[in-house]
Amino acid sequence: MREEKSSGLSMVVVVLTVVIVAISALLVLVILRLAVTLNDSAAFAPGTTVNGLEVSGLTASEAEEQINKLAENYVLQVRFADGEYTLQGKDIALKVGANNSLRRLVKDQDAERIGSAVGSQRGQELWDEELLSYDALQLHQTVSDWPSLSSLKDMKSKDARLEYSEEMGKFKIKKESPGGAVDQDVLEQKINDCVLGLTKKLDVVEEGLYGSVRTADSPEMQAALSDANEKLHLKITYRYEVKDANISGKETVGFDQLSKWLYVTSDGMSVGVDSHRLQNYVSEMSRLYSAKGSSSGGNAVFLSSTGIQVEVDAPAQGESVDTDELFNDIVSCVDSKTSGKRDAPYIKGTTDLGGSYVEVDLDGQHLWLYKDHELVTEGDICSGDVATGCETPTGLYTIKDKQTDRWLNGEDYHDWVSYWMPFNGGVGLHDSTWRSDEDYGGEVYLENGSHGCINMPLDLADAVYENVQEGTYVVLYGGVTSSAENAQIITGESSYHKSVGDGAFELELKTNGDSKLSYASSNVQVAKVDSTGKVTITGPGKAIIRVTAPATEKYRRATKDITITVK
């Protein structure tokens, strides 16, 4: 019996001992956590920021003192398109708010740490709209006094865009030109965001407060610049060969050509190939590397609609450069930024017209359309401008494509057409609703013609479009031409850098032609020019002097732009 009592007592002792040990451990844990609370709860964890401001290891009071010093010395630079303004923290009574937000933040952070493992610490990026306070009325009054809010209200914003620099030999970016009024409420909200984070700079343009303006340093503009200059420095070498005629040669399309062909499109973001200049090039390649007078081609006799026999330069099968294919291949290589060696394309063959064709008399400026030997429609047209060397090329071609409702683009034109039927690279048949009835027929094409295409009234273009197919022949003959040997060239300095107060000076220009040069200034507030080419400086800025050599019987019209920069 005693042994049983002794055994029971021992069990009780063991249980009590276990309980006491457990309670002791719990007390130790509580004491340790209390110690952490007492020692660390008043300080922010390492790596903690509040509104972007470093507060690591600081108590709420220390953080408040540090942020108040920053607020007292705070200066915000606000940059407009035409001016810059300074906003100081003391001017708007900037200080840490009186709502104990720092104490609340450090307390909340400490509570999270206490709830985790003992001694665990982690930084946070905290944000509190109530951390700082300022006098909103004083801010509003200060901003209201800034003239730049409305100084550009009558100006239209202009995006940054590409432009070619002859002096640098590459494309560059022309900076944006913001315009319009700035919404004060929106600006004050942007300033509020800067103030709460003690940010020191605010760019009104970059923030888009003038509206959506594409900036020069935007990723899209930088990508466009890189793309344009890559295209400018392509090298595409074509091998030309007609074995039976002992014709062979190599020609490289490179910087010398592309610097003259590439132009900035209307969106300012891309470059295109000028159709007229490229067309002249492929025509010259055909002249140099095509066989002439062979049994399968050369000058063919054609009975015109007026009953007169005319000679047409009909391409020989396999012996004539395919100007349409060469034109399109060069454009494709530029678009895809492809350099390298290529075989020049030669015509696949020219056969009997078959009774369905478009006939264009460039002398009479008239067009006829035949289908199965029957006349379908006819009418007056306007062909390429002879004075500028844009005359429409004669010869025998075929319709390559049929398109409706599209833009035709070049360096100095952007025209909408309802019908487009190309037959020779960038040359085609199309309507030209911007012309009056008096522009068709006669001698308009000599001084005011197209860039090389056959312009037609809308109703004539509609009838032609409905009755031709891809492959329909187009025969062109006659017309006045200006040979490449009679191209007029203006030589001399292309730019001048002057200062306000400099004396008048003469433009040092010469022409190989026999015409008298004329001059015009784009900005007489910067530079005036008289009929002899004498320039007078009138103010700071930039002006373009357009020099023109009019067309004569022997020479084509030519122009040259002179840049005058005055500081």
Side-chain angles (χ1 to χ4, degrees), residues 286 294-320 322-325 327-328 345-384 392-406 408 417-433 437 440-441 445 450 452-479:
S286 178
S294 68
S295 59
S296 57
N299 291 332
V301 176
F302 174 77
L303 182 62
S304 71
S305 293
T306 59
I308 300 174
Q309 288 187 336
V310 296
E311 286 191 346
V312 176
D313 184 15
Q317 183 173 357
E319 296 179 351
S320 297
D322 189 334
T323 55
D324 186 78
E325 287 299 320
F327 180 101
N328 291 325
Y346 277 77
I347 203 75
K348 301 303 181 184
T350 300
T351 59
D352 181 16
L353 300 184
S356 297
Y357 56 90
V358 177
E359 176 186 348
V360 181
D361 177 0
L362 297 174
D363 282 325
Q365 291 289 286
H366 199 81
L367 175 150
W368 296 265
L369 169 60
Y370 292 91
K371 192 171 183 179
D372 298 327
H373 300 283
E374 296 290 333
L375 179 64
V376 175
T377 188
E378 64 174 298
D380 287 338
I381 56 92
C382 184
S383 63
T392 301
T394 59
L396 184 61
Y397 307 91
T398 58
I399 298 291
K400 304 299 181 182
D401 195 7
K402 292 177 62 179
Q403 298 177 21
T404 59
D405 300 327
R406 58 157 290 172
L408 299 181
V417 297
S418 297
Y419 304 102
W420 168 239
M421 295 157 278
F423 58 81
N424 182 14
V427 176
L429 305 162
H430 65 78
D431 55 289
S432 49
T433 54
D437 292 342
Y440 302 105
Y445 79 107
S450 71
C453 291
I454 301 300
N455 287 186
M456 298 179 286
L458 184 61
D459 57 348
L460 179 60
D462 177 71
V464 172
Y465 185 88
E466 291 299 323
N467 289 280
V468 299
Q469 306 296 328
E470 290 184 29
T472 297
Y473 286 103
V474 180
V475 57
L476 305 101
Y477 56 85

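Computed from a predicted structure; not experimentally measured.
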- Could you point out which residue of I399, V468, L396 forms a side chain to side chain contact (heavy atoms under 4.5 Å, CB included) with Y473? L396
[Y] side chain reached by [X] side chain, heavy atoms, under 4.5 Å:
X	Y	result
V427	P422	no
V417	R406	yes
D380	Q365	no
F302	I308	no
L303	V310	no
L369	L375	no
I381	L429	no
V358	V475	no

For [X], which residues count as a side-chain hydrogen bond (donor to acceptor under 3.5 Å, both in side chains) partner, sequence neighbours excluded?
X	result
N328	D324
W420	none
S432	Y440
T398	K400

Those residues that, when tested against [X], pass ring pair (Phe, Tyr, Trp, His ring centres under 6.0 Å) (two or more places apart):
X	result
Y370	Y357
Y477	none
F423	Y397
Y445	none

Would you say the side-chain atoms of [X] pair up with the backbone N or O of [Y], donor to acceptor, closer than 3.5 Å?
X	Y	answer
D361	D363	yes
S383	T392	no
K402	Y465	yes

- Sequence-distant partners of D405, side-chain contact (heavy atoms from CB on, under 4.5 Å), two or more places apart: W416, S418
- Drop me the distance from L367's CG to C382's SG, to the nearest 0.5 angstrom. 13.0 Å
- Query: How about S304 and E359: does a side-chain donor come under 3.5 Å of a side-chain acceptor?
  - Reply: no
- Distance-minimising heavy-atom pair for D372 and S356: N-OG, 2.9 Å
Would you give me the side-chain donor-acceptor pairs under 3.5 Å for residues 452-463, sequence neighbours excluded?
from : atom 1 : to   : atom 2 : distance (Å)
N455 : OD1    : R435 : NE     : 2.8
N455 : ND2    : H430 : NE2    : 3.2
D462 : OD1    : Y419 : OH     : 2.5

